[in-house]
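Everything below concerns the one structure shown next.
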Amino acid sequence: MQTKVFKPDQLAAAAAELAAGELVAFPTETVYGLGADATNEAAVKKVYQAKGRPSDNPLIVHVADVATVKQYVATFPTTAEKLVQAFWPGSLTIILPLKPGAFSKTVTGGLATAAFRNPRNQVTLDLIKQLGRPIVGPSANTSGKPSPTLAAHVLHDLAGKIAGVVDDGPTGVGLESTVIDLSTATPTILRPGAVTQADIEAVIGSITADHHQVKADEVPKAPGMKYKHYAPNAQVYLTAAADFKAAASWARSQSVPFGLMATDQVLSQFSALAPAYRFSLGDSITTASQRLFDGLRHYDQLPEVKLILAEEFPAQGLGAAYMNRLAKAAGQKRFEKTNDN
């Protein structure tokens, strides 16, 4: 299969592929998603096959408006009304209980709930409208690898496996959406994102935000809760900004090539290191979040690199989402400064 690259003015052709049961990757403000008609079970099954995704990992349903969600859910509580008014279109995914048979188990992972999002990208909203049906949209990458923030990332992983990708340039946020579960007694954040706990609590009051992992025998309600995610080929180490010199010294002692992912201020200490091994995360948590997955993918193009030292940020606000993704990419490994280094 030849994977076509659609421009934003070629949405009719992209929608025709989706209507025919094919897969088309699409842009959002977070990352690129892998689209299939959410009402076509055979098409949805292709998503799992193309990504190599576990079948019990549910998919997020992307919609063009709130009215579409209400067609499928059993209830649409006041908390949901308030959240969509505050954050849609945007980087917030909402889990709600479904009407019986609303979607196939392939979409829901066998659960009685589904996750819905209204993305803040006009190209994709227009694509969904042209199709006339919601689309599933997990990240358009090989399962377990860093998420795609460019159409080129999608093509790297999925060229020849999907019908096309709509190229709308780089994504803005760079990290997947916040996922909040409204099917439980207390609203719970299952995955942190750009819409923070404080943002949500300012709208609906107190929530829970500590359920980011599930056990091996549990079915996750949202992506990123159970399986390996975001990992490049090299081993990543979380590294405090103040520890980079010691960490680089330790990395040299391992006698393997290593790379840095850090703010410009940290990288300024390593001008002697080849530019290819210094990936800039910019100057803030905002730019770091935008560039995180691009940096991990950068080092996948340098197979000689076996270690990556990546800068930590305080796990507050957007930093909570950044650190959630980075810690998973690192398998929770952290450089610890000792008296020996």
Side-chain angles (χ1 to χ4, degrees), residues 26 28-31 33 35 38-39 44 57-105 107-122 124-125 128-129 131-139 173 175-212 214 219-225 317-318 320-321 324:
F26 60 91
T28 77
E29 79 281 16
T30 58
V31 300
T39 67
V44 174
N57 203 2
L59 303 173
I60 292 175
V61 178
H62 290 65
V63 298
D65 50 48
V66 177
T68 300
V69 179
K70 293 181 178 180
Q71 294 175 22
Y72 293 96
V73 298
T75 61
F76 198 80
T78 302
T79 50
E81 291 280 8
K82 291 179 178 179
L83 289 174
V84 299
Q85 288 177 18
F87 302 115
W88 278 17
S91 306
L92 181 68
T93 294
I94 299 174
I95 294 177
L96 294 165
L98 291 170
K99 295 176 181 176
F103 291 113
S104 74
K105 292 183 179 180
V107 173
T108 65
L111 298 171
T113 57
F116 294 91
R117 185 159 97 84
N118 179 221
R120 194 176 67 248
N121 180 286
Q122 193 58 51
T124 287
L125 294 177
I128 298 170
K129 290 174 184 176
L131 177 64
R133 294 182 289 278
I135 59 176
V136 296
S139 55
V173 176
L175 300 176
E176 301 88 348
S177 61
T178 305
V179 177
I180 185 165
D181 188 0
L182 296 185
S183 70
T184 53
T186 302
T188 303
I189 290 180
L190 302 185
R191 181 178 72 187
V195 179
T196 67
Q197 179 178 355
D199 292 335
I200 293 170
E201 290 185 331
V203 175
I204 64 171
S206 181
I207 63 173
T208 302
D210 59 357
H211 190 65
H212 301 159
V214 298
V219 176
K221 278 191 172 182
M225 295 181 66
L318 182 58
N324 172 270

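Residue numbers count from 1 along this sequence.
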What's the shortest heavy-atom distance between [X] and [Y], and which atoms?
X	Y	answer
Ala38	Val107	O-CG2, 3.6 Å
His62	Val136	ND1-C, 4.3 Å
Val63	Asn118	O-ND2, 2.9 Å
Ala114	Thr108	CB-CG2, 4.4 Å
Lys129	Ala64	CG-CB, 3.7 Å
Val203	Ala86	CG2-CB, 3.8 Å

Value rounded to 0.5 Å, distance of [atom1] in [X] from [atom2] in [Y]:
X	Y	atom1	atom2	result
Thr186	Asp181	OG1	CG	10.5 Å
Thr208	Leu190	OG1	CG	10.0 Å
Ile204	Asp199	CD1	CG	11.5 Å
Gln71	Asp65	CD	CG	8.0 Å
Ile207	Thr188	CD1	OG1	7.5 Å
Phe26	Ile135	CZ	CD1	4.0 Å

**Message:** Can a side-chain donor-acceptor contact be found between Thr28 and Arg117 if the only test is distance below 3.5 angstrom?
**Reply:** yes

**Asked** Going through the checks in order, is the side-chain contact (heavy atoms from CB on, under 4.5 Å) test met by Leu83 and Ile200?
**Response** CA-CA 7 Å; Leu83 289 174; Ile200 293 170; 3.9 Å; yes

**Request:** Test Ile180 against Thr79 for side-chain contact (heavy atoms from CB on, under 4.5 Å), laying out the working first.
**Result:** CA-CA 11 Å; Ile180 185 165; Thr79 50; over 6 Å; no

**Asked** Within the distance-only criterion (no hydrogens, no angle test), does the side chain of Asn121 pair as donor or acceptor with the backbone N or O of Glu29 below 3.5 angstrom?
**Response** no

**Worked check of side chain to side chain donor-acceptor pair (under 3.5 Å) between Thr93 and Ser177** = CA-CA 6 Å; Thr93 294; Ser177 61; 2.7 Å; yes

**Item:** Residue pair Glu176 / Ile60, side-chain heavy-atom distance below 4.5 Å
**Value:** no

**Asked** Are side-chain heavy atoms of Thr178 and Ser91 found at a separation under 4.5 Å?
**Response** no

**Message:** Using 30° and 60° as the class boundaries, would you call the ring planes of Tyr72 and Phe103 parallel, tilted or perpendicular?
**Reply:** parallel

